[in-house]
Each structure stands twice: as C-alpha cells, then as structure tokens.
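Heads up, the thing below is written out as structure tokens.
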Amino acid sequence: MTNAASQLRIYNTLTKEKEPFEPLQAPKVGIYLCGPTVYAESHMGHMVGPVIFDTIKRYLRHSGYQPVLVVNITDVDDKLINKSHERGIPVSQIATEMTADYLANLRELGVNQIDYMPRATDHMDDIIDFIRQLIEKGFAYEADGDVFFDVVKDPNYGQLSNRNLDDQLGEGGGAAAKKRSAGDFALWKSAKPGEISWESPWGQGRPGWHIECSAMSHKILGDTFDIHGGGLDLMFPHHENELAQSSCCHNQPMVKYWMHNGLMRAGQKGKLGGKSDREQAAAAEESVEEAASAKISRSKGDGGLSGLIQRHTGTRIRFFLLRTHYRSTILFSEEGLEEAGTALDGFYRLFDRFAEITGLSFYDGKDLTPAVTREEGEFDAGDNEMLQQAAQLRASYLQAMDDDFNTGLAVSSLFDWLRMTNRYLDQHQLAAGAETQSAEVQALITSLKAMKELTTILGLFEKPPAQAGGDDDSQELLDKTVRLLIDLRKSARENKDYATGDAIRDRLGEIGIALLDKKEGTSWERQ
RNA sequence: GGCGACUUGGCCGAGUGGUUAGGCAGUGGAUUGCAAAUCCAUGUACAGCGGUUCGAAUCCGCUAGUCGCCUCCA
C-alpha cells in the first residue's frame, strides 16, 4: 500500500498507547496467543481471543504481511491434576477430551488460522532447558525440588501490569516457606506421590504455570516476537511472569506488542470468571438462563457452548463477538445472539438475491474469489455510482481495521454496503432472469466480490447459513414439500382465492416457515 | 487497601474537540390483493457538577455508580 494514511496502529498494553505497527522483520509477523488450560469444556469467554486473533491474522495477511499464529494448549497443571483425582482418570485423558472440545468449538466459529498449536507436555525438554538457563543466569533458584523465579533479580518486574513488588502477596500454601520473596513464582513443582511427573535435574516434577508459554513461544517464534495476546485477566500474573522469564533468559524484550482482549460478562450479576470452574460454569449458566428466560423460552436447557452453537450457529456467535471492539467488555446474553442473528439475516437475504440473479454463490470461494491482499482488492469503479460508493465503503472498512482492529466500526460499513446493494437491485429491478452479461449485473458482481473480500477478513459467510437440524436429504424433502404448497397457493391466488392462499401462508408461518412473495415468484425461509 | 477499565438515545454498540456511526426494536411512507422482504423518512443520546476552549460525548478536575485485576481464570 502506498497510502501512508492507511497505517495500522495497535494498542500496546505495555505502553498503554496505540502505536504504529512495525514488525521486527517485515513482512513476517509472529503472533502468540495464550490458549486454554484444558481441564474443562470451554465456554463463550474462551472464544473471544481465538476469534479476534484469527481475524487479526487474516487482516495482517490482507495488509501484505506473512503472519504466523501460535496458540498453545496447556495440558499439565494443578487444575488438571485435581480433575484427574476427581474423575479418577489420567490427566492425559482429560486433556485429550477437552482439547477435542476446544478444537470443535473453534472450528464451528470459523477459527482456522492457527499455524501451531503446541502442547506443554510435548515440550518438556524445552521447558526444562529454559528453567536450567534461568538458574544458570541467576534469575531462579532451586529449593527442595521446587524451582522459583527470583523476582527481585528482575528490575523490570511489574512493567506490564504496573505493580509494585511490595504489594505482591504471591501464592500461599506450603511453597511460600521455600520462597525468597513472596512474589516469587514456581517454574518447576516437585511431584507429590501419584502425581503425573517428568524427570528433571531437580527431581521428578512438573512445570509451573507460565513457563510453558515462555518455552514454547521461544521455540517457535524466537527471542523476541511481534505480538503476544490473551485475555485481560492473564495480564497478571501470567503474562507478567512470562515476560520476566523470557526477557531475563534472553536478555532482550520478549514481545513488541502486548494485546489484551476484554473479558466477557454474563447477565446482570453473573460472570464467566469465578472461583472454581464448577462454580464458574454454574454461575455463567444460571445468569445466562436468567437473562434469557424472560423472553426466549427455547433457550432453556443447557449444553454449554456447544449448546449455544447448536441454537445460534457459529457464524452468529462469531459475528456477535466481532460487533464489539476486542478490548471492551462483552456483555453476553442469548438475546444479544438472537439480535445478531436478525442482523445477519439481512445479509443472507441479499446473498440469496445475488444467487438468483447471477447464479453465483456468495459463500463459495470458487464463484467469488476474494482478493487476498489490499492491493489485489483495489478495483476500478469507473463511472458506476454504486461501485464508487462501494470503493468508499471499502476504504472506511479498512481504515477502521487499521485503527487497532476496530471490527465494530468495520461492520457498520458492511451494513451500509448491504443497504446500498439492495437499493441498487431495487432501482435496476435486477431479479432472476436478468441479463448476466449486462453492465448492471457485472457491476453487482464486482461489488459483491469486494464485499466478499471484506467479510472474509472477518471470517464471516464462508459457509451458507446453517440450517438447524436435518441432513441434506431431509432438507431436500422439506424444500420440495414447501414448494408444492407454494404452487398450490399460487393457483389459489390466481383464482383470487386469497383466503386459501393466506391460510397456507399463515399455517406455514406457524410452523416456522416464512414465504416471501417477489415479482418473479415466491421463495421461503426458516424463521 | 493497591492498580486499572467503564458510564452514549427503548436495548445493543462505534466515536479522531466543530460534519448522519451502525444494528435491533418503534413510528410514518413507497411497494404488495393483504402480508413478509426491500427501499425512503424518522429519535432534543452522550452519569452529575465544575473547568479549559470561539466550540467538548471527545481534554482536565471532583462526585456518584458499574466492573476487572491484585489467589486459579481466555
């Protein structure tokens, strides 16, 4: 891009400022996002980071960079060990189950940009080596089979979360007695009998929380990399400690841009973060239900995140998340998801109109191959007013994304685009049977191709709207049945028997099928 | 107690000191046999008080309220 005004800026938690984005080694961009500790099924809150970072990676590529996205899986940890005792099954089994659940949810939300997904247990050598280096360099010490990071040795400790060492309480318990100062944190924890453990220079044990991220990010992305992301709740202690470990070990900054997404809140009083995971899940579920039960009766019943996905589709959830800026708190409610769905329906209807006119699918990348980069996506609007507006909307969209990935603002351009296109179709009376080679239709295709470019950055509309329930066969059967009714209604109306026609429409409406009369015929959709 | 974020019209939600955010819902109109869909039009919004400024939702201060982190959390 030659236009200097369209420079990407990123809010850096470390400096608390929006800074121009300048990768360390352009065009390469290394991104590390803290993934989950896989001890329980994921909830909505776990999806915020992956969705926004998936989008960020897409946008960086669109901006001409070559981003690499790493999301870790922490599969050994105190909580996993507790869970393992509770359920009487091995840590590895829980980790495998919960990782599968996490991945399935990501897939549903269209998160498909992750390049590496390292697991802590696959990197035990790297972790141990990392700890050994920290001890050698004097930043860590062993104490009776445990290894701690010596916080006072790091003059910059607290820089990320803006904290004084004096205020730190540190983790209590039996480990506290072994620590030199309260703020010291464990790099290696000695194993109690019966616990999962690995051999190390300090005896049998397992890594502390934080060190796996330092080790794995270093392994894949190097001493210093461009972007490190995660939820705001991870800023302290997790990221602060990661930062301390890595910067001390390699004697250089760990990360250039620290990015933190806002947390999700449920309902009025409930929250998605809590004490134990059980309580947390229960609290979230309760308040969600409480908020939703007032108006949306069918939202009753649980099923966690996968239930939500079933009820609302992954696209809807993804859109719901991207409507808000990533740094703000998202207030979760099923009503909010419903509303997001209503908003999305307008796009689906436009894409239906588009398909009727052109025979092309908006969803299929083959019919409308979107531009991969900004430069590639530039198009000549000529003297076509609609295309000129489209070019303007595209510019606004990209400008919004350049401003710290303001997806909420970017989305508003898409809505403007939607209305503009419908107006265009109305004015030119473009409908099924239109001359495909005409200038009007060709301009429409150019416009929607550009729109596709932008929706692809957000990861939206990559698939046709999911129809709840039913395989392809029953879908087809249903379609034929409804069309039969539409035909009968048509004959009735041709005979001015509106009572029968309306009865068919009304009764279909009662079972959730809406008929849409258009000049060129009647189509139907689910409600 | 320490650190920090937030408070925008009925609801959700953007917002770079002066120009329409956008969505959902509502109202009026066009269109329609009637609807739906679509289009057009439509809202004395910026927690309160004080200050800076020619001008503030946007900067500063105070007050009130909501929330987060400081212990495990995306």
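We name chains A, B, ... by the order of the sequence lines, and we start the count at 1 in each one.
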Rounded at 0.5 Å granularity, tell me how far CG in A/Leu14 sits from CE in A/Met259. 13.5 Å

Give, for atom CG of A/Leu187 and atom NE2 of A/His210, the distance between the pair rounded to the nearest 0.5 Å. 9.0 Å

Sugar-phosphate, base or nothing in reach of [X], heavy atoms under 4.0 Å:
X	answer
A/Gly230	sugar-phosphate
A/Leu232	nothing
A/Gly35	sugar-phosphate
A/Leu425	nothing
A/Asp502	base

Between the side chains of [Y] and [X], is the shortest nitrogen-to-carboxylate-oxygen separation below 4.0 Å, so that they form an ion pair?
X	Y	result
A/Asp479	A/Arg483	yes
A/Lys178	A/Asp184	no
A/Arg87	A/Glu97	yes

Nearest-Å distance once atom [atom1] is located in both [N] and [M]:
N	M	atom1	answer
B/G48	B/U8	C1'	15 Å
B/G17	B/A56	C1'	6 Å
B/U20	B/G13	C1'	16 Å
B/G9	B/C34	P	38 Å
B/C39	B/G4	C1'	47 Å
B/A25	B/C12	P	15 Å
B/G50	B/C70	P	39 Å
B/U7	B/U63	C1'	14 Å

List, with names and distances, any nitrogen or oxygen atoms from the protein found under 3.5 Å away from nitrogen or oxygen atoms belonging to nucleotides 12-22 of chain B.
unit_1 : atom_1 : unit_2   : atom_2 : d
B/A14  : OP1    : A/His325 : N      : 2.8
B/A14  : OP1    : A/Ser328 : OG     : 3.1
B/A14  : O3'    : A/Asn406 : ND2    : 3.2
B/G15  : OP1    : A/Asn406 : ND2    : 3.0

Any non-hydrogen side-chain atom of A/Met47 less than 4.5 Å from a side-chain atom of A/Arg318? no

What integer distance in Å separates [X]:[atom1] from [N]:[atom2]?
X	N	atom1	atom2	value
A/Asp77	B/A74	CG	C1'	14 Å
A/Leu160	B/C69	CG	P	16 Å
A/Trp524	B/A36	CH2	C1'	15 Å
A/Lys518	B/A35	NZ	C1'	15 Å
A/Phe185	B/C72	CZ	P	12 Å
A/Arg423	B/U38	CZ	C1'	11 Å
A/His239	B/G4	NE2	P	20 Å
A/Ile513	B/A36	CD1	P	19 Å

Closest heavy-atom contact between A/Asp75 and A/Ala95? CB-CB, 3.8 Å

Do you know the tightest heavy-atom contact between A/Phe236 and A/Glu240? CD1-CB, 3.8 Å

For RNA chain B, find the residues of residues 342-355 of chain A with a heavy-atom distance under 4.0 Å and give them by number; none if there aren't any. A/Thr342, A/Ala343, A/Arg349, A/Arg353

Backbone of A/Lys192 reached by a side-chain donor or acceptor of A/Glu195 within 3.5 Å: yes

Quick one: the dot-bracket string of RNA chain B, using Watson-Crick and G-U wobble pairs with both distances under 3.5 Å, [ ] for crossing pairs and | for bases paired to another strand. (((((((..(((.....[...))).(((((.......)))))....(((((..]....))))))))))))....

Quick one: is the NZ or CZ of A/Arg327 closer than 6.0 Å to the six-membered ring centre of A/Tyr11, and within 45° of its axis? yes

If you draw the axis of the six-membered ring of A/Phe148, does the NZ or CZ of A/Arg180 fall within 45° of it and under 6.0 Å from the ring centre? no

Using 30° and 60° as the class boundaries, would you call the ring planes of A/Phe149 and A/Phe185 parallel, tilted or perpendicular? parallel

B/C69 phosphate, OP1 or OP2, under 4.0 Å from A/Arg163 side-chain N/O: no

With respect to the phosphate group of B/C3, does any side-chain polar atom (N or O) of A/Asn162 fall under 4.0 Å of OP1 or OP2? no

Could you check whether A/Thr342 and A/Asp345, counting side-chain N and O atoms only, form a donor-acceptor pair closer than 3.5 Å? no

Output the single nucleotide from [options] whose closest atom is nearest the side chain of [X].
X	options	answer
A/Leu516	B/A74, B/A37, B/C39	B/A37
A/Arg493	B/C39, B/A74, B/G33	B/G33
A/Lys79	B/C72, B/G33, B/A74	B/C72

Between A/Tyr326 and A/Phe53, is the ring centroid distance below 6.0 Å? no

Can you check whether any acceptor in the base of B/C34 is under 3.5 Å from a donor in the side chain of A/Arg505, or vice versa? yes

Could a donor-acceptor pair under 3.5 angstrom be found where the side chain of A/Arg265 meets the base of B/G68? no

Result for 5'-nearest mapping on RNA chain B, choosing between A/Lys16 and A/Asp517, is A/Lys16

Per nearest nucleotide of RNA chain B, the residue lying toward the 5' end, A/Phe319 or A/Tyr498, is A/Phe319

